[in-house]
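Below is one structure, written out as structure tokens; the observations come after it.
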Number of protein chains: 2
Amino acid sequence: MLELRSLPTDCAKRRQESVCSACGARAFSVCSSLDSSDLAGLDAIAERVTLKAGEALIREGDPAVHLFNITSGSVRIYKLLPDGRRQITGFLFAGDFVGLATGQDYAFSGEAIEDATLCRFRKADYRALIRERPLLEEALLDRATHELAAAQNQMLLLGRKTAQERIASFLLDLPTRDPLRPSTEDQVRLPMTRSEIADYLGLTIETVSRVLTKLKTTGVIRLLSLNELRIEQPDRLRDIAEGEV
Amino acid sequence: MLELRSLPTDCAKRRQESVCSACGARAFSVCSSLDSSDLAGLDAIAERVTLKAGEALIREGDPAVHLFNITSGSVRIYKLLPDGRRQITGFLFAGDFVGLATGQDYAFSGEAIEDATLCRFRKADYRALIRERPLLEEALLDRATHELAAAQNQMLLLGRKTAQERIASFLLDLPTRDPLRPSTEDQVRLPMTRSEIADYLGLTIETVSRVLTKLKTTGVIRLLSLNELRIEQPDRLRDIAEGEV
DNA sequence: CGCAGCCTTGACCATTATCAACGCTGGTGG
DNA sequence: CCACCAGCGTTGATAATGGTCAAGGCTGCG
């Protein structure tokens, strides 16, 4: 019923993934590994959910009764200002958790970017379960601290990087986080629109478009289609991302 | 030897604080409360550290052997780009943890803003201890998810708010996080320099200075000294912070 | 084939960065 | 005890990055 496996990925940092095959819940663990008994019981409290592209998962301000684990597809989470300005705070993929944060209400909204399947848990059930699964809780803590590190990188990007540096960082980072990406490292799938990229990087769609065009004309990347590109000069892109230009 | 107490604070959201009186370690808990037995053993593996203003706690890239809990003073954590651009990703105060993230090396640097005292733990010891203290681990997970929520707010600020909105948000947020702040809500202590505020908000010192001057001349705040100000019109400041102007 | 939605490109503009000068303040040493 | 200096902060003039507004192109679907 449960299995422990490695993701079929070329990502430099391979991650161990534990999949509850009954309910599909995934619990990545970077430094502690889980065995079957840690995941037993998840299927009893899990509920499968299917979302079409664009459908909402959670809405900022609603009571936080559920938490989710993505099993396929991709999700955007974002916050809005009253006048409609949007900041996408994360793109989430298979294996990621949504709504872990304690707190009365959700602090952000979440929607499917493309068709997605998820596992839904009642938060109370989940908390009760992990209380009896210390290793599962440890894995969640690992995950949370890793997301914190990623959030700090994103703050550096938003606070101090130029438009070109942001795009370069984004293109390098994205494939390391989507387990469903194509197998070659330099091929980048962009399941999101320009508008979503812009709202993730703190830019406008026009700037995103212009920078991509510039990277294309300088030969650093090649646009295969709107949602697919190849990194032709990875070293160059890395230099750009870190401001070494 | 251990006590559970409430912080002497006027903060809207009162936090329960567990203090290990032997070693001074603090473990805030927002939704689960800890009792003495959960903290027992901390003093055996803790080491007290004193830092003078400006001294480094951890350095980005160094092996991550220790983690810290701040017992007094304040700390800045930040990341640098190769050319020296700095993004301060957080100001931390008494009760906050530094270096929780799993991972070979520290992903950011940390320095004391003002004289500070801390508890230092060897990470391996700490992980071994919390493995036997599920409630302590749960408290850490709570804390981590809360910091994630704070990080998302900061991303919204950095990605989508104007300079004036950033400063307003900062002035409203800061006093809710420093347990050592003066007791009145509208009095804000700024232990950090303009340069640090700028690097936290993704601005320059000149812009910080100009916006503060503007808020002063419009009567929203009053500068008592360089490091102390009063919020004269909290509602107005809240509106500005959310872009309702 | 036509339309809607998304993307690109161009011209212009505004916010904020940069560069520069000056002022305040606290600490030190004569 | 006062004067000077260093460091930080403020203010002003100018510049640049990226935003805004506008028009046109591509693409996929009905």
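Just so you know, these numbers use all the heavy atoms, side chains as well, and skip hydrogens, waters and symmetry mates. Keep in mind that this is a model prediction, so the values were computed, not measured.
- A 6.0 Å sphere centred on CZ of A:Arg222 holds no more than 12 heavy atoms belonging to other residues, nucleotides or ligands.
- If you take NZ of B:Lys161 and P of C:dT15, they are 18 Å apart, rounded to a whole angstrom.
- A sub-4.0 Å separation between OP1 or OP2 of C:dC6 and a side-chain N or O of A:Thr193 is absent.
- To the nearest angstrom, P of C:dA17 lies 15 Å from CZ of B:Arg86.
- No contact: A:Leu212 has no heavy atom under 4.0 Å from any strand.
- For the pair A:Arg86 and A:Tyr78, the distance from NZ or CZ to the six-membered ring centre is under 6.0 Å and the angle to the ring normal is within 45 degrees.
- Per the geometry, CG belonging to B:Leu215 stands 17 Å off P belonging to D:dG9, to the nearest Å.
- Taking only distance into account, the side chain of B:Arg210 meets the base of D:dG12 through a donor-acceptor pair shorter than 3.5 Å.
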message: ring pair (Phe, Tyr, Trp, His ring centres under 6.0 Å) for B:Phe91 and B:Tyr200? Distances and angles first, verdict last.
response: CA-CA 8 Å; B:Phe91 293 119; B:Tyr200 180 60; 4.7 Å; yes

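- Annotation: of the two residues near DNA chain D, A:Arg166 and A:Leu226, the 5′-most nearest-nucleotide partner is A:Arg166.
- Looking at every heavy atom in both residues, A:Ile205 comes nearest to A:Ser195 through CG2-CA, 3.2 Å.
- A salt bridge is defined here as a Lys NZ or Arg NE, NH1 or NH2 lying under 4.0 Å from an Asp or Glu carboxylate O, and B:Asp96 with B:Arg143 meets this definition.
- A:Glu196 has its CD atom 9 Å from the P atom of C:dC7, to the nearest Å.
- As rounded to whole Å, 8 Å separates atom P of D:dG9 from atom CD1 of B:Ile197.
- Look at CD1 on B:Ile205: it is 16 Å from P on D:dG12, rounded to the nearest Å.
- A close approach under 4.0 Å does occur between a side-chain nitrogen or oxygen of A:Thr207 and OP1 or OP2 of D:dG19.
- When rounded to the nearest whole Å, the span between CZ of A:Arg85 and P of D:dG19 equals 13 Å.
- Distances shown here put every side-chain N or O of B:Thr204 at or beyond 4.0 Å from the OP1 or OP2 atom of C:dT18.
- In this structure, B:Arg194 reaches the D:dT10 phosphate: one of its side-chain N or O atoms is under 4.0 Å from OP1 or OP2.
- What separates NZ of A:Lys216 from C1' of C:dT9 is a distance of 11 Å, to the nearest Å.
- Of the candidates C:dC19, D:dT10, C:dA17, C:dC19 carries the atom nearest the B:Glu206 side chain, counting heavy atoms from C-beta on.
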